[in-house]
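Reading through the structure tokens given below for one structure.
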Amino acid sequence: MELDKHYNPQEVEDKWYSFWNENGYFDSVPDQREPFTIVIPPPNVTGVLHMGHMLNNTIQDILIRKARMEGKNACWVPGTDHASIATEAKVVKMLAEKGIAKKDISRDEFLSYAWEWKEKYGGIILSQLHKLGASCDWKRTRFTMEDSLSEAVIQVFVKMYKDGLIYRGTKMVNWDPDGKTTLSDEEVIHKENNAQLFYVTYPFSDETIKSTGTSEPGLTIATTRPETVMGDVAICVHPDDTRYQNLIGKTVIVPIVNREVPIIADTYIDIEFGTGCLKVTPAHDENDYNIGEKHKLEAIDVLTDDGKIHERAGAYVGMDRFACRKQIVKDLDTQGLLLKTEQIKNTLGHSERTNAVIEKKISTQWFVNMQEFMKLHPEVLSSVMDGEIKFHPAKFKNVYKHWLDNIKDWNISRQLWWGHRIPAWYSKEGEMVVAETEEQALTEFKKLNSNIELKDLSQDNDVLDTWFSSWLWPISVFDGFKEGEKKDFEYYYPTNDLVTGPDIIFFWVARMIMAGYAFKGKKPFSNVYFTGIVRDKQRRKMSKQLGNSPDLFELLEKYGADGTRMGMLLSSPAGNDILYDEAQVEQGRNFCNKIWNAYRLISGWETVADDTLSEEVKASNQLASDWFSSRFQVSCNGIHESFQDYKISEALMATYKLIWDDFCSLYLEMIKPSYGDPISSKAAGEAKMHFENVLKLLHPFMPFITEELFHAIHNGTPEKPILVSEYPKAKDNVHVMNDNALGLVSEIRTIRNGKGMSPKLELEVIVKTEQTASYQTWEGIIKKLANISSISYNTDKPEKCISQLHGTDEFFIPFEEAIDVEAEKKKNEEEIAYLRGFLKSVEAKLNNEKFVANAKPEVIEKERQKKADAEEKIKKLIGG
RNA sequence: GGGAGCUUAGCUCAGCUGGUUCAGAGCAUCUGCCUUACAAGCAGAGGGUCACUGGUUCGAACCCAGUAGCUCCCACCA
């Protein structure tokens, strides 16, 4: 059957994926083999696949497939995250489109809509991974809100509460007015912002004017947030500020609301900033809050949960915070209290999810006491610092350390419904009990009050931060928190590698390490591979708004999964951003095609018994095969080394070059018989073996084409599929073959190109060398690759010829036509001049006593060799 | 404001503990080829004062200091 000149991925990908999956090759159960485990960073349950996922999961698949081929019990656990805030937002939006407002329905009704939504759209993203070739153990698919994982979350919460690591407290927290929930510090993104700084005058009270006799109209403060004026409870100056000494303890009138507030002093104030006077609004700013605490000031929260002006503000009620800012500035101006406006740069916190500007707000929430936690589990830091857990690249260790050194309490309660509900119950009297179930809570309450009943209890309305479940992922996917037998957990945990983005190093990576040590006394993984962010050629992040993200399914369709995988990997060293370029995917596709055609060549050979061929051909073929074996092993060792360092794109590049250059361009060309001629079955057999080996090296990167061709070279019935075949091993003491003669081939080809000779023109060559044997062995190959009719040694230089150095050997190609004698001479002279210069510098070095005295012996020896080589070359060029 | 890192061919990046036959790779570019595996290809070639300035050293892309530019992380200056 005639094979198409082009590899057609569509025809093979689905076939092999189902074959692998249906035959259970992705599945893992504990056995006596060494486990190799990866847990997927669970994507949002209602998410869709994007470039970041593609890259991330390709890398995981490469690691898993390699481990599987190395005979390990490879287990890649897939799953999804309930993504509390993101999913809830989507459901709210969906309901709004149906005309249903969240506030009009009950919690239970909302949740049933949410689950419905999850069932409908959830997990699409996982099925999209099939297309990519991801070899996950789908039977192990987990979801962070499924029963057993939820139980783990509750169990951990209760335990931490009992251990005093979780507390309920009233503090200043981050409030997202769009999501209408609090956020942890990590979920707040600080962005630089162009702000207006308003100088507003607060008139002195009559009392102040009387007692100080001032003629000033009042005290001017500078603020970027005039809409919080109604929450002002004091003006603060620096105690050493000479300008305001006599005013400390006096009062001013807050504009708009006409509240009389004191002028206080605190060293927090920066005398240089603005006017040196700060309006104190304890309900809306962390520093103000601290000052308020210190000076026992009231906190007046003037905002509602959705960022509008609250009734208690007493003015502008119901107006949006930003609209109010504009209006109040106008009004202050009208009243003559706005002195001036300056443009300044500051930073503003934004919600990671909704991008809303964050409000600081005093609120009663649940927290994890991180200081205390870290005191109990110092391994969280030390394991990473001393390499028990390795980060790739290691530079992220610094980031990690810095964060842990400055860690603050973790706000874990969210004012949402989609998530793990906080297991705390309150009685009507306001007593609280934390317990795993309602029944247990009741039992506890009964100890306080025997008459209390279930209906008297109400559960906390909040749910937990999504990351409070994600941090348990490597444990909970193996049911590590369940009672009873923990065979899976004990076998698979700690996992081996984690592949994720540096953007969630705090959210997730750090917290998994915390959970691992705190709840199991063991690290969750040994290696963390941080991928880069996928950007476009102009270094812009991929985003929906920019529309610079390619259609992934079109891409997979057009170039195939293998081509796409390769394209993404080629330019993505760990920790570097990858600049996505379709040209690279094209390169991947072309590579598939190259391999495909290598197969076409090999499979088309007509074979004959070995002894029907000439000795020269047999010897050449044997040499070619041995040479490739040696090249293969050298590359294979390099690839193993790259993998060890998690330089995966380097490993791929080495595989690429081995196949394209060494296998196709050299080895196959060496043994390829002339058109119509047969090849010995021995040579063909060895070629197949080599082909099989390079396919194995490539399989983790390009699973589909390698499986297809692996089957093809075994006539469809290999002993076992390539995905479970043995990955070529690194070996010590590799014999590196002297292939100096191949250099001669290149030189001759260059001459051909330079002289415009046709590749069809047969040439003769005369080599002047003392190492005749090193060329003689390769004669057959040289003749074939360089189209040479005869090679002779150490005969005189012909009258008309092209001469050239190859290393220290000289060779001549007799050539009658059109030799530019002058040009040849000039070239020769230039070469001599260069060598003399080179020789001079080497000699200078060798004559330098300090060099000879200080340099290592092998370095000196190297220099001496250089000197000898240069001298010999010069001699040949002159004498030639 | 604090910290980390980066600056090597047109582009994206390698260059381990300093030794100029180590300045390298892939892509891109250029030249010549439709040579029955592959034009999604073959054979070649040209590109870099290794950001800048000093220093250490017999010797620096590599070590040190400073300068400039870029990136990221953290941070409560209104």
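When reading the values below, keep in mind they use all heavy atoms of this one structure, side chains included, and skip hydrogens, waters and symmetry mates. Just so we're on the same page: letters track the sequence lines, and every chain starts at 1.
The existence of a salt bridge linking A:Lys876 and A:Glu810 is excluded, since no basic side-chain nitrogen approaches an acidic carboxylate oxygen closer than 4.0 Å. In summary, A:Glu359 and A:Lys361 do not engage in a salt bridge, as defined by a charged side-chain N under 4.0 Å from a carboxylate O.
Counting any heavy atom pair closer than 4.0 Å across all strands shown, A:Asp270 reaches a base atom. Nucleic acid contact for A:Asn848: sugar-phosphate only, since backbone atoms but no base atoms lie under 4.0 Å from a heavy atom of the residue. Among the heavy atoms of the strands lying under 4.0 Å from A:Glu650 are primed sugar atoms or P, OP1, OP2 only; no base atom is included. Backbone-only engagement by A:Ser665 is indicated by non-hydrogen atom pairs under 4.0 Å involving sugar-phosphate atoms exclusively. Using a 4.0 Å heavy-atom cutoff across all strands shown, A:Asp581 reaches no nucleic acid atom at all. Backbone-only contact: A:Val399 has heavy atoms under 4.0 Å from sugar-phosphate atoms and none from a base. Within the nucleic acid shown, A:Leu278 comes within 4.0 Å of at least one base atom, counting heavy atoms only. Residue A:Phe591 is out of contact with every strand shown, counting any heavy-atom pair closer than 4.0 Å. Contacts of A:Phe506 with the nucleic acid, taken as non-hydrogen atoms under 4.0 Å apart, involve only primed sugar atoms and P, OP1 or OP2. Among the atoms of the strands shown, base atoms are found under 4.0 Å from some heavy atom of A:Cys664.
Here the side chain of A:Asn346 is nearest to one of B:rU35, B:rA78, B:rG2, namely B:rA78. Listed nucleotides: B:rC42, B:rC77, B:rC74. Nearest to the side chain of A:Trp660: B:rC42. The A:Tyr675 side chain lies nearest to B:rU36 when the options are B:rC38, B:rU35, B:rU36. Taking the side chain of A:Ile269 as heavy atoms from C-beta on, and the options B:rA43, B:rC38, B:rA78, the nearest nucleotide is B:rA78. The side chain of A:Arg749 approaches B:rA43 more closely than any other nucleotide in the set B:rC58, B:rU36, B:rA43.
Under 3.5 Å, the side chain of A:Lys594 and the base of B:rC38 form at least one donor-acceptor pair of N or O atoms. The base of B:rA40 sits with one of its N or O atoms less than 3.5 Å from a complementary donor or acceptor on the side chain of A:Arg589. For A:Asn287 and B:rC76, a side-chain-to-base donor-acceptor distance below 3.5 Å is present, hydrogens and geometry of angles not being considered. For B:rA78, the base has no donor-acceptor partner in the side chain of A:Glu272 [N/O atoms by modelled type, under 3.5 angstrom].
A 6.0 Å sphere centred on NZ of A:Lys397 holds more than 12 heavy atoms belonging to other residues, nucleotides or ligands. In the displayed structure, A:Lys171 atom NZ is contacted under 6.0 Å by more than 12 heavy atoms of other residues, nucleotides or ligands. The 12-atom threshold is not exceeded at CZ of A:Arg864, counting heavy atoms of other residues, nucleotides or ligands nearer than 6.0 Å.
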Q | Pair A:His238-A:Asp266, side-chain hydrogen bond (donor to acceptor under 3.5 Å, both in side chains): steps then yes or no | A | CA-CA 5 Å; A:His238 197 281; A:Asp266 196 286; over 6 Å; no
Q. Taking it one step at a time, do A:Arg589 and A:Glu582 satisfy salt bridge (charged side-chain N to carboxylate O under 4.0 Å, His left out)?
A. CA-CA 11 Å; A:Arg589 190 267 319 259; A:Glu582 193 164 319; over 6 Å; no
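Contact annotation: A:Lys647 side-chain N/O to B:rA14 OP1/OP2 distance is not under 4.0 Å. The side chain of A:Thr750 contributes no N or O atom lying less than 4.0 Å from OP1 or OP2 of B:rA43. Taking side-chain N and O atoms only, A:Ser758 has no distance below 4.0 Å to OP1 or OP2 of B:rG32. A:Lys760 has no side-chain polar atom (N or O) that falls below the 4.0 Å cut-off from OP1 or OP2 of B:rC33. OP1 and OP2 of B:rC38 both lie 4.0 Å or more from every side-chain N or O belonging to A:Asn590.
Atom CG in A:Leu763 sits roughly 15 Å away from atom C1' in B:rU35 (whole-Å rounding). B:rG19 atom C1' lies 16 Å from atom CD of A:Gln865, rounded to whole Å. When rounded to the nearest whole Å, the span between CD of A:Glu641 and C1' of B:rA14 equals 13 Å. Across the protein-nucleic acid pair, A:Leu652 atom CG and B:rC13 atom P stand 16 Å apart, rounded to whole Å. Counting to the nearest Å, the C1' atom of B:rC58 and the NZ atom of A:Lys856 are 14 Å from each other. Remark: C1' of B:rU35 and CD of A:Glu669 are 10 Å apart, rounded to the nearest angstrom. A:Phe530 places its CZ atom 17 Å from the P atom of B:rC72, with the value rounded to the nearest Å.
The ring-ring contact (aromatic ring centres under 6.0 Å, His included) with A:Phe506 is formed by just one residue from the set A:Trp403, A:Trp410, A:Phe396; it is A:Trp403. Tested against A:Tyr7, the residues A:Phe704, A:Trp596, A:Phe591 include a single ring-ring contact (aromatic ring centres under 6.0 Å, His included) partner, A:Trp596.
B:rG1 sits 12 Å from B:rC76 when the C1' atoms are compared, rounded to a whole Å. Nucleotides B:rG55 and B:rG48 place their P atoms 27 Å apart, quoted to the nearest Å. Of the C1' atoms belonging to B:rA45 and B:rU53, the separation is 36 Å, rounded to the nearest Å. If you take atom P in B:rC13 and the same atom in B:rU7, they sit 10 Å apart, rounded to whole Å. Nucleotides B:rA51 and B:rA43 place their C1' atoms 37 Å apart, quoted to the nearest Å. To the nearest whole angstrom, the two C1' atoms, one in B:rC52 and one in B:rC27, are 29 Å apart. B:rC62 and B:rG24 have their C1' atoms separated by 15 Å, given to the nearest Å. B:rG5 and B:rU49: their P atoms are spaced 28 Å apart (whole Å).
Residue A:Asp869 is the one, among A:Glu586 and A:Asp869, whose nearest nucleotide of RNA chain B lies closer to the 5' end (criterion: closest heavy atom). Residues A:Thr224 and A:Pro673 each lie close to RNA chain B; by heavy-atom proximity, the contact nearer the 5' end of the strand is made by A:Pro673.
Nearest heavy atom pair, residue A:Ile362 against residue A:Ala283, reads CD1-CA, 3.8 Å.
With sequence neighbours left out, A:Asn411 forms a side chain to side chain contact (heavy atoms under 4.5 Å, CB included) with A:Val173, A:Thr182, A:Gln365, A:Phe367, A:Ser413, A:Arg414.
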For nucleotides 26-29 of chain B, list the nitrogen or oxygen atoms of the protein found under 3.5 Å from its nitrogen or oxygen atoms, one pair per line.
residue	atom	partner	partner atom	Å
B:rG26	O2'	A:Gln587	NE2	3.0
B:rC27	OP1	A:Tyr656	OH	3.3

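A cation-pi arrangement is found for A:Lys340 relative to A:Tyr199, the charged atom lying closer than 6.0 Å to the ring centre and inside a 45° cone about the ring normal.
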Q) Which string of ( ) [ ] | and . matches RNA chain B, if you list each base 5' to 3' and count Watson-Crick or G-U pairs only when both distances are under 3.5 Å? A) (((((((..((((.....[....)))).(((((.......))))).....(((((..]....))))))))))))....
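Between A:Glu871 and A:Lys875, the closest side-chain pair of non-hydrogen atoms is not below 4.5 Å.
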